[in-house]
Amino acid sequence: VQTDKAAMVRIYNDDNARSADSSRPQGTDPVEGEGVVAEFITSAANTFVITPGVMGWIDTAANSIPVSVKNLSGSTGTVAVTLTGLKLEDI
């Protein structure tokens, strides 16, 4: 996961999990089993290399990954996020 500025990036297993988690404050753990695959918070542009890797699944028929991004840089604007993953199988 790479960001071009300070941000909070949350990855979900489906769109419903993203919607249900939308009001959870930063610093509060998600409810176990509610669809949060991973969460990253940075205070500047950063690249997160996750070792060992995080195993999760995306429960969607679309070719998209449900993600929420919050700009934490203190200025308005878009946060560029790059996700790099390994697709293990099609269902």
Side-chain angles (χ1 to χ4, degrees):
V1 176
Q2 182 178 18
T3 65
D4 70 341
K5 62 182 67 158
M8 177 173 60
V9 179
R10 293 175 174 171
I11 303 170
Y12 300 94
N13 74 319
D14 64 23
D15 292 331
N16 291 332
R18 180 179 54 198
S19 294
D21 189 59
S22 64
S23 63
R24 179 172 54 93
Q26 181 178 332
T28 302
D29 288 339
V31 175
E32 185 176 334
E34 291 296 316
V36 179
V37 175
E39 177 175 284
F40 307 89
I41 300 172
T42 182
S43 58
N46 201 352
T47 299
F48 295 92
V49 178
I50 306 162
T51 57
V54 173
M55 293 292 291
W57 75 334
I58 307 303
D59 188 18
T60 179
N63 288 325
S64 64
I65 299 172
V67 175
S68 72
V69 179
K70 182 178 180 181
N71 183 342
L72 301 177
S73 71
S75 63
T76 60
T78 301
V79 177
V81 176
T82 303
L83 300 177
T84 303
L86 176 62
K87 186 175 183 178
L88 297 178
E89 66 179 84
D90 286 326
I91 56 172

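Because only heavy atoms are used, hydrogens play no part in the values below, and waters and symmetry mates are left out as well, while side chains stay in.
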* Consider only side-chain heavy atoms of I, L, V, M, F, W and Y, link residues closer than 4.5 Å, and tell whether Leu83 and Val37 are in one cluster. => yes
* **Same cluster (ILVMFWY, side-chain, under 4.5 Å), Ile65 and Phe40** => yes
Quick one: side chains of residues 25-35, donor-acceptor pairs under 3.5 Å with protein atoms, not counting sequence neighbours, listed by atom name and distance.
none

* To do: Check whether any side-chain heavy atom of Val79 lies under 4.5 Å from a side-chain heavy atom of Asp4, and answer yes or no.
  => yes
* Asked: Judged by atom type as modelled, is there a donor-acceptor pair below 3.5 Å linking the side chain of Ser22 to the main-chain atoms of Ser19?
  -> yes
* To do: Give a yes or no on whether the backbone of Thr78 and the side-chain of Lys5 come within a donor-acceptor separation of less than 3.5 Å.
  => yes
Minimum heavy-atom separation for [X] and [Y], please, with both atom names.
{"X": "Ala17", "Y": "Asp14", "value": "N-OD1, 2.7 Å"}
{"X": "Ala44", "Y": "Thr3", "value": "O-OG1, 3.9 Å"}
{"X": "Ser75", "Y": "Asn71", "value": "O-ND2, 3.0 Å"}
{"X": "Met8", "Y": "Leu72", "value": "N-CD1, 3.7 Å"}
{"X": "Asn13", "Y": "Trp57", "value": "CB-O, 3.0 Å"}

About how many Å separate [atom2] of [Y] and [atom1] of [X], when rounded to the nearest 0.5 Å?
{"X": "Arg10", "Y": "Arg18", "atom1": "CZ", "atom2": "CZ", "value": "12.5 Å"}
{"X": "Ile50", "Y": "Thr84", "atom1": "CD1", "atom2": "OG1", "value": "10.0 Å"}
{"X": "Gln2", "Y": "Thr42", "atom1": "CD", "atom2": "OG1", "value": "11.0 Å"}

* Structure fact -> Tested for side chain to side chain contact (heavy atoms under 4.5 Å, CB included) against Tyr12, the lone hit among Ile58, Asp21, Val67 is Asp21
